[in-house]
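The next block holds one structure in the form of structure tokens; read it before the comments.
Below, chain A is the first sequence line, B the second, and so on; all start at residue 1.
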2 protein chains.
Amino acid sequence: MTQTLFNRQQVAALTGLTSRQLSYWRKTGLVTPNSYTEGGHARYSFTDLVALRAAKRLLEAKVSLQRIRKCLQSLTGFLPHANRPLAELSLVVTGDVVLVFHGERAFDALSGQEWVFPIAELVREVEQLQQQQPQQAELFPVAMEQAEEYA
Amino acid sequence: MTQTLFNRQQVAALTGLTSRQLSYWRKTGLVTPNSYTEGGHARYSFTDLVALRAAKRLLEAKVSLQRIRKCLQSLTGFLPHANRPLAELSLVVTGDVVLVFHGERAFDALSGQEWVFPIAELVREVEQLQQQQPQQAELFPVAMEQAEEYA
DNA sequence: AATGGACAAGTTTTACAATTGTTGTCCTTT
DNA sequence: AAAGGACAACAATTGTAAAACTTGTCCATT
């Protein structure tokens, strides 16, 4: 199967990354090229480009390479199906965290801790609690005490 | 206008918070009661209960009171319309951050930094970049180099 | 022309101590 | 009953120095 591959210059032009960065990222395993020429020159696939762009944007969002690597590492644990998280997943990023959206859920890419938390639910929750406590409501006559204040 | 108000015991029963916590949160301004009796006793409104529950859930999600307070403080800056963020906004929480969803956007409750960042966009982005660089594609004949590798 | 190595400036993380915050318990006051 | 104050144990934040990481530049190699 023939696949379009990109050389150093093309990748640099398409992603805005420097050779030095590509070199370092390759060396540290952050984004490795699809393949190498016989001469040992890197060749990046289209998917590689997407991963590179993703990493670059994370970097621009003040996420350090170190953190990106850790996130990728833990993501392979949480989502074994994602072969290339950087090229596949939907992420929300602030300088401090990388949040992964996966279906209806959101969780921290680093810790895996999940917490989606719509306040609207709390309103219903409190309403229910209120109804589950009818005795309480009788034991402590709120109406009277209110009268005390608003009379 | 008559409003249902809740006393200490009721609030404790409905929220699962201790008197001590209510006292401290009141003192530090995290969640203050709707009003006080003439005797100086706190009376919480329904909205207060929702705010208390929200704060409690943030706490359970390992967000410290200190952080919650800071978030509330900066939220009043970012979203002046939200009088009671804890009772109104949709939040996504991990131990380290509080993310606020406001319409289509998501941003860090603390820094206000906004970053929603779907990878799918990057794919289109790279495709476009690719098409904007036709000269490059000609200058560096990928097909030939590929032949070198896959022949 | 592209890669790898070595050096250096700047940045990020880590580790740890000092400080500050949170909550329980007990006691006094209203 | 509820609130407030004082004390103590535990938790979180801050500050900071040491270590590790990133990236540019220059040079040698292929």
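Side-chain atoms of A:T32 do not come within 3.5 Å of backbone N or O of A:G29 as any donor-acceptor pair.
B:E38 places its CD atom 18 Å from the P atom of C:dT30, with the value rounded to the nearest Å. Rounded to whole Å, atom C1' of C:dA2 lies 12 Å from atom OH of A:Y44. Atom CG of A:N7 and atom P of C:dA2 are 6 Å apart (whole Å). Between the CG atom of A:L59 and the C1' atom of D:dC21 there is a distance of 12 Å, rounded to whole Å.
The two residues A:L14 and A:R53 make their nearest non-hydrogen contact at O-NH1, 3.5 Å. Between B:L30 and B:A55 the shortest heavy-atom distance is CD2-CB, 4.3 Å. Here the shortest heavy-atom pairing between B:L22 and B:A12 reads CD1-N, 4.4 Å. Shortest non-hydrogen contact noted between B:L5 and B:Q10 is O-OE1, 4.1 Å. Smallest separation of non-hydrogen atoms from B:A82 and B:E88: CA-OE1, 3.3 Å. Shown here for A:V100 and A:A109, the closest heavy-atom pair between the two residues is CG2-CB, 3.6 Å.
Considering only side-chain atoms of B:L65, the nucleotide from C:dG24, C:dT23, D:dT23 that sits closest is C:dT23.
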Distances under 3.5 Å between protein N/O atoms and the N/O atoms of nucleotides 25-30 of chain D, please, pair by pair.
| unit_1 | atom_1 | unit_2 | atom_2 | d |
| --- | --- | --- | --- | --- |
| D:dT25 | O4 | A:R20 | NE | 3.2 |

Using atom names, set out every protein N or O paired with an N or O of nucleotides 12-15 of chain D below 3.5 Å, distance rounded to 0.1 Å.
| unit_1 | atom_1 | unit_2 | atom_2 | d |
| --- | --- | --- | --- | --- |
| D:dA12 | O3' | B:S64 | OG | 3.3 |
| D:dT13 | OP1 | B:S64 | OG | 2.8 |
| D:dT14 | OP1 | B:K70 | NZ | 2.9 |

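Rounding to the nearest 0.5 Å gives a distance of 12.5 Å between OH of A:Y24 and OG1 of A:T18. Annotation: the span from A:L49 atom CG to A:K56 atom NZ amounts to 12.5 Å, rounded to 0.5 Å. Between the CG atom of A:L52 and the CZ atom of A:F6 there is a distance of 11.0 Å, given to the nearest 0.5 Å.
Using a 4.0 Å heavy-atom cutoff across all strands shown, A:I68 reaches no nucleic acid atom at all.
Residues of residues 21-30 of chain A that place a heavy atom closer than 4.0 Å to DNA chain D, in numerical order, are A:Q21, A:Y24, A:W25.
An OP1 or OP2 oxygen of C:dT22 is reached within less than 4.0 angstrom by a side-chain nitrogen or oxygen of B:R69. OP1 or OP2 of C:dA2 sits under 4.0 Å from a side-chain N or O of A:Q9.
Counting only heavy atoms from C-beta outward, the side chains of B:L72 and B:I68 approach each other to under 4.5 Å.
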